[in-house]
**Student:** 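After the structure tokens below, expect a handful of questions from me.
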Amino acid sequence: MKRVITYGTFDLLHYGHINLLKRAKALGEYLVVVVSSDEFNWKEKHKKTYFNYEQRKQLLESIRYVDLVIPEESWQQKRTDMHEYHIDTFVMGDDWRGKFDFLQEEGVEVVYLPRTPEISSSQIKKDLYDANSVEGKSKTSHEDINTDPQSYM
Ligand code: C2G
């Protein structure tokens, strides 16, 4: 059974992440997703996530392509992860191209897949901020919505 691994923050899970996970899983039969802990995100990537680690883990575990979710707590853990989880293929989006080629020394195939254009967690945050700064409120209650089909006959 071919075992694949990938790493990431996966905040505000979106179709770019799903495209990556789907293609990563297609490279084998078992996919391990290593999700950045809240501490690692802040300390090493200066990212403050909207969803915390447990929430991001729960979302990823619900995806059909994902078989196991574990925490990413350091840059150093990749080498040992390859052996601990008997990995055949390491996959990342091509925004990381070249950054993890050293894992070939651990006998692992390193694959960089094209990122899905236009979408990112930071773009989502920006768009939502801009949208909220526009006049008008979105519907928050269903009180004033008429759902009786008879009334539309
Ligand atoms: N990704 C993608 N297309 C997008 C956005 C993200 O293919 N539109 C991919 C990224 O290339 C990465 C994965 O989805 O392979 C997760 O992306 P992030 O959550 O942004 O993770 P990142 O901050 O890149 O952290 O040790 C590696 C790091 O933890 C990776």
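Atoms within each ligand, like the ligands themselves, are counted from 1 in listed order.
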**Student:** Does at least one non-hydrogen atom of S36 fall below 4.0 angstrom from an atom of ligand 1?
**Tutor:**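 Yes.
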**Student:** Any N or O of K45 that comes nearer than 3.5 Å to an N or O of ligand 1?
**Tutor:** yes
**Student:** Does L113 reach the side chain of N19, with side-chain heavy atoms less than 4.5 Å apart?
**Tutor:** no
**Student:** Work out which heavy atom in K45 is nearest to a heavy atom in G8; give both atom names and the distance.
**Tutor:** NZ-C, 4.3 Å
**Student:** Which atoms form the tightest heavy-atom contact between S151 and D148, and what is the distance?
**Tutor:**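 Smallest heavy-atom distance, with atoms named: OG-O, 2.6 Å.
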**Student:** Is there a polar contact between ligand 1 and T9, counting only N or O atoms under 3.5 Å apart?
**Tutor:** yes
**Student:** So which bit of I119 gets within less than 4.0 Å of ligand 1, heavy atoms only: side chain, backbone, both or neither?
**Tutor:** both
**Student:** Sub-3.5 Å donor-acceptor pair from the side chain of T89 to the main-chain atoms of E109, do we have one?
**Tutor:**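 No; judged by distance alone, with no hydrogens or angles, the pair does not exist.
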**Student:** Is there side-chain contact between Y30 and L68, with heavy atoms separated by less than 4.5 Å?
**Tutor:** yes
**Student:** Please write down residue, atom name and distance for the protein heavy atom closest to atom 9 (C) of ligand 1.
**Tutor:** L20 CG, 3.9 Å
**Student:** Apply the test salt bridge (charged side-chain N to carboxylate O under 4.0 Å, His left out) to residues K48 and D11: give CA-CA distance (whole Å), side-chain angles for both, the deciding distance (0.1 Å), then the verdict.
**Tutor:** CA-CA 9 Å; K48 179 90 183 65; D11 193 24; over 6 Å; no
**Student:** Could you say whether the N/O atoms of T116 and ligand 1 ever approach to under 3.5 Å?
**Tutor:** yes
**Student:** In the protein, what heavy atom is nearest to atom 11 (O) of ligand 1, and what distance, to one decimal place, separates them?
**Tutor:** D95 OD1, 2.7 Å
**Student:** Is E72 close to ligand 1, meaning an N/O of one under 3.5 Å from an N/O of the other?
**Tutor:** yes
**Student:** Under 30°, 30 to 60°, or over 60°: which ring-plane class applies to W75 and F100, parallel, tilted or perpendicular?
**Tutor:** parallel
**Student:** So which of F100, W96, Y112 gets nearest to atom 24 (O) of ligand 1, if we judge by its closest heavy atom?
**Tutor:**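 When every heavy atom of F100, W96, Y112 is considered, W96 comes closest to atom 24 (O) of ligand 1.
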**Student:** Side chain or backbone, does D94 bring an N or O within less than 3.5 Å of an N or O on ligand 1?
**Tutor:** no
**Student:** So do H83 and E106 actually touch side chain to side chain, heavy atoms under 4.5 Å?
**Tutor:**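 Yes, their side chains come closer than 4.5 Å.
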**Student:** What protein heavy atom lies closest to atom 15 (O) of ligand 1? Include the residue and the distance to one decimal.
**Tutor:** G93 N, 2.9 Å
**Student:** Say whether K78, considering both its backbone and side-chain N or O atoms, lies within less than 3.5 Å of an N or O atom on ligand 1.
**Tutor:**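 Yes.
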**Student:** N/O to N/O below 3.5 Å, does that happen between K47 and ligand 1?
**Tutor:** yes
**Student:** Could you tell me if the side chain of H86 sits less than 4.5 Å from the side chain of V32, heavy atoms only?
**Tutor:** no
**Student:** Any N or O of P114 that comes nearer than 3.5 Å to an N or O of ligand 1?
**Tutor:**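 So ligand 1 has no N or O lying under 3.5 Å from an N or O of P114.
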**Student:** Please determine if F10 has a nitrogen or oxygen closer than 3.5 Å to a nitrogen or oxygen of ligand 1.
**Tutor:**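 So ligand 1 has an N or O lying under 3.5 Å from an N or O of F10.
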**Student:** Give me the nearest non-hydrogen protein atom to atom 5 (C) of ligand 1 as residue plus atom name, then the distance to 0.1 Å.
**Tutor:** R115 NH2, 3.4 Å
**Student:** Find out whether the Lys NZ or Arg CZ of K78 is both under 6.0 angstrom from the six-membered ring centre of F90 and within 45° of the ring's axis.
**Tutor:**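 That pair does not qualify as a cation-pi contact.
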